[in-house]
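Here the structure is laid out as structure tokens; the discussion comes afterwards.
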Amino acid sequence: MKTISGQLLKSMFISASNNLFNHYPEIDALNVFPVPDGDTGMNMNLTMSSGAKEIVNRNDQDVASIAKCFSRGLLMGARGNSGVITSQIFRGFARSLENKQEINVYDLADAFIAGKDASYKAVMRPVEGTILTVIREVSDVLYRDAQDNSSMEECFDIIMKEARASLARTPELLPVLKEVGVVDSGGAGLVAILEGMEKALHGEFIEKNSEGQTIVEEKETEKRDGYTMSLLFHIYKDGSKKQFIQRHFNDFANHHGYDLVVSSEKDDRITIKLGSLFPGTILAYLQQFGEFEQIEIKPFDSKKIDKNAPRKKSAIIAVSAGPGLDKLFKEAGVDYIVKGGQTMNPSIQDFVTAIKSLNAHNIFILPNNSNIVMAANQASEVVSDDYDVRVIPTKTIPQGLVSVMVFSPEENPQTNANNMKAALKNVMSGSVTYAVKDTDIEGVHVIKDYYMGLRDKAIITCVKDKLEALRNLLANMIKKDSSIVTIICGEDVKENEMKNLQKELAAAYPNIQFNIMSGEQPIYSFIIGVE
């Protein structure tokens, strides 16, 4: 085969999305840090699925239309750094194919080079040994080795050989991968995408591992905050996962969501429909018992613009996960809460929806997570023709709170942005959460289900008790010049524990002002800010 048509490219993209879907749990398992986010495979899966949905019913014969539509779907559905980088790869790929009816060998090589260039430009500080390395090495080798007489099958043989070799080399480029003994998870996701494209090219289109089951489309319901979730879930009954008890799941889901409906498709498969402020918490809980075969997560868009209302000078958007955290941000002056965090990164579309719902001249976004900053930046670019958006690169909840505290409605936007960014240097962030696997990393022995104390992303301690983890972490974070410590307690911390903590810490650190409050956030027992 010498060329690829629009409909074949469509088949290749959808096959790629399906292949990634089939393998995302094992890609999640490659994550180096033993924290309960498991986000790389999930984020790339949701990103690719968004692109596939945009082209599934299109009959365009030209590659330009298919690639452009697929790229647009990826961009708006992109979640997390891995998802944004994936969307940028195919954004460059699509731009290279503008006005083309078919792809020949050199068009394919040029498209991969353009995808590589776009992905590198999207990252402020590219790190080698990641998905970026894999796309760069694949693109360079294809560009070097593709010949006039090469077939498309031969080109993809070159692509897959180099992709697998490049992935295998990632631990040599990124020491933490070598220490833990895994390859890069984002690179593995890209290899799954390329493999799906190759299979379709060879006439071996990959279907989702759902055995023909489908999810009933959501009906219109009363608008609420958060997300609607439709899931097809495969329960493992072979002993490889925890035993699933539906009564326990119902209790958990009703606590973290609403409008729960569970129905059985087969003995080991169930469909789940519910609304939730914290979809990542639901997904993380279910992963203990099996794997997802289909996932639909859509944000409610219940906010409408009053076109007759005067425009505000400025508005602030913050990412938050937990009713208590939402309240803290609202009280501090945040206008719009985007639901999400470590366990469920919001998409670019979520940010665009938030921006468009605010009747303001100038908008500031606080991502509050290092894995969300890129999506916020891309969203600001998407709406740049109509809105003046500034992303303050807050990587933690404490940074977000400190940043919004220095915002002044009277200042001009650039001064506010400068002041908010400067405030980030004055706070040290930490957290306590549980480990999802046994590992040894950066000299710390981590035991599954024990509590880790993290200073930024460094594991300081791993112990059986969450309060002990907090004490150890504070001992590491509090310095001679520290004056204020904010501790935001998660949903698993009881009120009496909070009161006892206040007394204990005031006695242990008499010169420190402790602000202990409930954030009701999932997953993280404590979020700490030290100023």
Side-chain angles (χ1 to χ4, degrees), residues 4 9 12-13 16-17 19-20 27 40 43-44 47-48 51 63-64 66-68 70-75 78 80-100 103-147 150 152 154-174 177 183-198 201 348 374-375 377-378 381:
I4 295 174
L9 185 62
M12 292 168 69
F13 284 157
S17 177
N19 195 48
L20 181 61
I27 294 168
T40 302
N43 283 340
M44 293 181 74
T47 301
M48 286 292 290
V63 293
I66 292 295
K68 182 178 180 180
F70 181 65
S71 170
R72 176 69 180 179
L74 284 177
L75 180 65
N81 294 341
S82 57
V84 173
I85 292 171
T86 301
S87 74
Q88 292 304 305
I89 290 172
F90 286 100
R91 191 179 191 182
F93 191 98
R95 285 177 173 174
S96 178
L97 300 181
E98 286 180 3
N99 302 317
K100 293 188 181 296
I103 302 174
N104 61 32
V105 169
Y106 294 117
D107 293 332
L108 182 67
D110 287 343
F112 269 91
I113 289 291
K116 177 257 294 185
D117 290 342
S119 61
Y120 268 83
K121 286 178 182 177
V123 181
M124 186 174 296
R125 296 182 183 87
V127 176
E128 295 302 330
T130 65
I131 183 175
L132 293 171
T133 302
V134 178
I135 188 60
R136 175 176 58 78
E137 295 184 341
V138 165
S139 302
D140 290 348
V141 169
L142 177 64
Y143 192 84
R144 182 194 71 197
D145 293 350
Q147 304 294 327
S150 297
M152 284 296 171
E154 289 169 335
C155 286
F156 267 87
D157 287 343
I158 293 170
I159 288 169
M160 292 313 305
K161 182 179 178 180
E162 181 59 28
R164 293 183 178 113
S166 179
L167 179 64
R169 291 192 294 266
T170 55
E172 301 302 321
L173 298 172
L174 204 55
L177 297 176
V183 295
D184 178 66
S185 53
L190 180 59
V191 170
I193 291 169
L194 297 174
E195 182 180 58
M197 294 178 70
E198 179 203 31
L201 180 70
I348 291 175
M374 283 185 67
N377 283 328
Q378 289 298 316
E381 289 187 18

Minimum heavy-atom separation for [X] and [Y], please, with both atom names.
{"X": "V141", "Y": "I158", "result": "CG1-CG2, 3.7 Å"}
{"X": "P171", "Y": "L177", "result": "CA-CB, 3.8 Å"}
{"X": "S150", "Y": "C155", "result": "CB-SG, 4.2 Å"}
{"X": "A146", "Y": "Y106", "result": "O-CE2, 4.1 Å"}
{"X": "V134", "Y": "A163", "result": "CG1-O, 4.2 Å"}

Under 3.5 Å, side chain of [X] to main-chain N/O of [Y], donor-acceptor pair present?
{"X": "S87", "Y": "V84", "value": "yes"}
{"X": "T47", "Y": "L74", "value": "no"}
{"X": "S96", "Y": "F93", "value": "no"}
{"X": "N43", "Y": "S82", "value": "no"}
{"X": "Y120", "Y": "P126", "value": "no"}
{"X": "D107", "Y": "N104", "value": "yes"}

For D184, the option from T170, T133, V191, I27 that meets side chain to side chain contact (heavy atoms under 4.5 Å, CB included):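 So, applying the side chain to side chain contact (heavy atoms under 4.5 Å, CB included) to D184 and each of T170, T133, V191, I27, only T170 qualifies.
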Full working for side-chain contact (heavy atoms from CB on, under 4.5 Å) between D140 and K116: CA-CA 9 Å; D140 290 348; K116 177 257 294 185; 3.8 Å; yes
Distance-only side-chain donor-acceptor flag, E154 / Q147, under 3.5 Å: no
Side chain proximity check, I103 to L97, heavy atoms < 4.5 angstrom: yes
4.5 Å side-chain heavy-atom contact, M44 and I193: yes
Gap between atom [atom2] of [Y] and atom [atom1] of [X] - 0.5 Å precision:
{"X": "E137", "Y": "L167", "atom1": "CD", "atom2": "CG", "answer": "10.5 Å"}
{"X": "I89", "Y": "I85", "atom1": "CD1", "atom2": "CD1", "answer": "7.5 Å"}
{"X": "Q88", "Y": "I131", "atom1": "CD", "atom2": "CD1", "answer": "11.5 Å"}
{"X": "F70", "Y": "S17", "atom1": "CZ", "atom2": "OG", "answer": "6.5 Å"}
{"X": "T86", "Y": "I135", "atom1": "OG1", "atom2": "CD1", "answer": "9.5 Å"}
{"X": "I4", "Y": "M152", "atom1": "CD1", "atom2": "CE", "answer": "4.5 Å"}

Intermediate values then yes/no, side-chain contact (heavy atoms from CB on, under 4.5 Å), Q378 and R91: CA-CA 12 Å; Q378 289 298 316; R91 191 179 191 182; 3.4 Å; yes
Ring geometry between F90 and F13 (parallel below 30°, tilted from 30 to 60°, perpendicular above 60°):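 Perpendicular: the ring planes of F13 and F90 meet at over 60°.
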Inter- and intrachain pairs under side-chain hydrogen bond (donor to acceptor under 3.5 Å, both in side chains), touching residues 185-198, at least two apart: N19-E195, N31-S185, T40-S185, R164-E195
Intermediate values then yes/no, side-chain contact (heavy atoms from CB on, under 4.5 Å), M124 and M374: CA-CA 9 Å; M124 186 174 296; M374 283 185 67; over 6 Å; no
E162/R144 ion pair, N-O < 4.0 Å: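 Result for this pair is no, no salt bridge flagged.
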Other residues, nucleotides, ligands: >12 heavy atoms within 6.0 Å of R72 CZ: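 No.
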